[in-house]
**Q** 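Questions regarding the structure given below will be posed in turn.
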Amino acid sequence: MSAVIEPRVEYDVESIRRDFPILKRLARGKHLVYLDNAATTQKPRQVIDRIVRYYSEENSNVHRGVHYLSELATVEYENARGYVQRFINARDVKEIVFTRGTTESINLVAQTWGRKNVGAGDEILISAIEHHSNIVPWQMLCAEKNATLRIVPVADNGELLIDEYERMLNPRVKLVAVGHGSNALGTINPIKRMIAAAHANGSLVLIDGAQGVPHMRVDVQDHGSDFYAFSGHKVYGPTGVGVLYGREALLDAMPPWQGGGDMILSVSFEKTTYNALPYKFEAGTPNIAGVIGLAAALEYVSSIGLDAIAAYEHELLVYATNRLREIEGLRIIGTAREKAAVISFVLEGVHPHDIGTILDQEGIAVRTGHHCAQPVMLRYNIPATGRASFGLYNTKEEADVLVAGLRKVIEVFR
Ligand code: PMP
């Protein structure tokens, strides 16, 4: 894998769209308008081709063989790790652990660091707008250890109450676990400030970056998180692969999680010694094609430029928000000042599932439901929302199609 590529000079969305074969297809006989990017993103030809090339020309198991293909696969796998390290500006490749995704990365920290370091009476702080995968692993840990899970409240506009958060920090707080961005509301949290406050309190911080990495430049040294988790499939890469970044000293002191091949140096029935970082946390044959495909995806977004993507998506967010506000009876849930291009909404008198079904007939893919964030729905006293989430290939015209589709929904229920 080459070094981090220089971004394209100009944001040419039509040329970007041509990189994504699926965007050409029809859905229910209509042009596909894919606005479910917070759930998963589509894959560019560059990623698809890289995976095909891996299986066509390079497939072998890693780390174990002396033969040509095994060496080749190992080099590509480890080069991918190097690419991820540079992409998020980690200090060392040892700090990059490959997992199945954000969910597994968070569970790994809860089950290893958490089990070792959290005890009775300790506190873990999460926020009111977390995805279930940044709630449940901590609930499980707290139940096991008699620790307390505390929830940073959220304002009506979807912003966390940061003053309240700072007041909640006390010597019992061992860990703060918050999302970089909310998949349900779009809120981008002020993680640098939150991390600094936690560190001043002596607490560690895990950032759920599932909705961070796809939308903005992430520099783990700059924002200072102790752990940062993200998924390949949300950043135009394959499913089944993700990353846990952890500071080396922390990962080093953590016990392994899953046992098996590759995570050991030697095994006997009397005593097993564990492998060095990061292999200590990568038991069994990894998702080699997935890891290589993930690096191709990160290379792809780098070639467009993370700042350019963030600026373009912000333009889409502003445009789509204004257009949606023209619709009478539509209420946007989540109007934080810092937002990713995720728009959750409810329509007076229409159940969100009906919105989704009718839009689907128009070829428009939006998500409806609780978005794996049921506490968020409870907080706003709604059963579910419709959610349009934009990616780097979406256009203003597609926002217009969404608005026209919603007008049809209103017609049906009039
Ligand atoms: N956190 C957030 C904010 C998410 O949006 C998601 C996926 N919707 C996850 C965690 C879980 O990611 P995965 O299912 O890829 O593990």
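First listed ligand is number 1; within each ligand, the first listed atom is number 1. The analysis underlying the following values was restricted to heavy atoms, covering all of them including side chains, and did not include hydrogens, waters or symmetry mates.
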**Q** How far is atom 8 (N) of ligand 1 from the closest protein heavy atom, and which atom is that?
**A**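 Its nearest protein heavy-atom neighbour is Lys234 NZ, 2.6 Å.
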**Q** Please work out which of Asp208, Val241, Thr102 has its closest non-hydrogen atom nearest to atom 3 (C) of ligand 1.
**A**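 Checking each option, the heavy atom nearest atom 3 (C) of ligand 1 is found in Asp208.
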**Q** Distance under 4.0 Å to a non-hydrogen atom of Ser231: what atoms of ligand 1 satisfy this?
**A**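 The list of qualifying atoms is 12 (O), 13 (P), 15 (O), 16 (O).
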**Q** Strictly distance-based, threshold 3.5 Å: is any side-chain N or O of Asn37 a donor or acceptor partner for the main-chain N or O of Ser389?
**A**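 Side chain of Asn37 to backbone of Ser389: a pair is present.
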**Q** Quick one: which of Phe98, Tyr54, Tyr83 gives a ring pair (Phe, Tyr, Trp, His ring centres under 6.0 Å) with Tyr77?
**A**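 When ring pair (Phe, Tyr, Trp, His ring centres under 6.0 Å) is applied between Tyr77 and each of Phe98, Tyr54, Tyr83, only Phe98 qualifies.
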**Q** Is there a side-chain contact between Asp122 and Lys145, using heavy atoms and a 4.5 Å cut-off?
**A**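 They are not in side-chain contact.
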**Q** Below 4.0 Å from ligand 1: does a non-hydrogen atom of His233 turn up there or not?
**A**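 Yes, His233 has heavy atoms under 4.0 Å from ligand 1.
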**Q** Just going by heavy-atom distances, which of His180, Glu130, Glu104, Gln211 is nearest to atom 5 (O) of ligand 1?
**A**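 Checking each option, the heavy atom nearest atom 5 (O) of ligand 1 is found in Gln211.
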**Q** Judged on heavy-atom distance to atom 10 (C) of ligand 1, which of Ala38, Ser133, Ser389 sits nearest?
**A**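 Among Ala38, Ser133, Ser389, the closest heavy atom to atom 10 (C) of ligand 1 belongs to Ser133.
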**Q** Should the proximity of Arg100 to ligand 1, defined as any heavy atom under 4.0 Å, be assigned to the side chain, the backbone, both, or neither?
**A**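 It is neither part, as no heavy atom is under 4.0 Å.
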**Q** Taking the minimum heavy-atom distance to atom 2 (C) of ligand 1, which of Pro214, Ala184, Ser182, Ala210 ranks first?
**A**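 The option holding the nearest heavy atom is Ala210.
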**Q** For the ring pair (Phe, Tyr, Trp, His ring centres under 6.0 Å) test, which of Phe20, Phe87, Tyr393 pairs with Tyr300?
**A**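 Answer to the ring pair (Phe, Tyr, Trp, His ring centres under 6.0 Å) test with Tyr300 among Phe20, Phe87, Tyr393: Phe20.
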**Q** Are Lys396 and Tyr319 in a cation-pi contact, defined as NZ or CZ under 6.0 Å from the six-membered ring centre and within 45° of the axis?
**A**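 Ring-cation test returns yes.
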**Q** Check whether any side-chain N or O of Asn394 sits under 3.5 Å from a backbone N or O of Tyr34 as a donor-acceptor pair, and report yes or no.
**A**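 Yes, the answer is positive, given that a donor and an acceptor are paired below the 3.5 Å cut-off.
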**Q** Hey, are the side chains of Asn381 and Leu378 touching, using non-hydrogen atoms and a 4.5 Å cut-off?
**A**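 SC-SC contact between Asn381 and Leu378 ruled out.
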**Q** Determine, considering heavy atoms only, which of Thr103, Thr99, Val342, Val178 sits nearest to atom 16 (O) of ligand 1.
**A**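 Nearest heavy atom to atom 16 (O) of ligand 1 lies in Thr103.
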**Q** Could you find the nearest protein heavy atom to atom 4 (C) of ligand 1 and give me its residue, atom name and distance?
**A**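 For this ligand atom, the closest protein heavy atom is His131 CD2, 3.4 Å.
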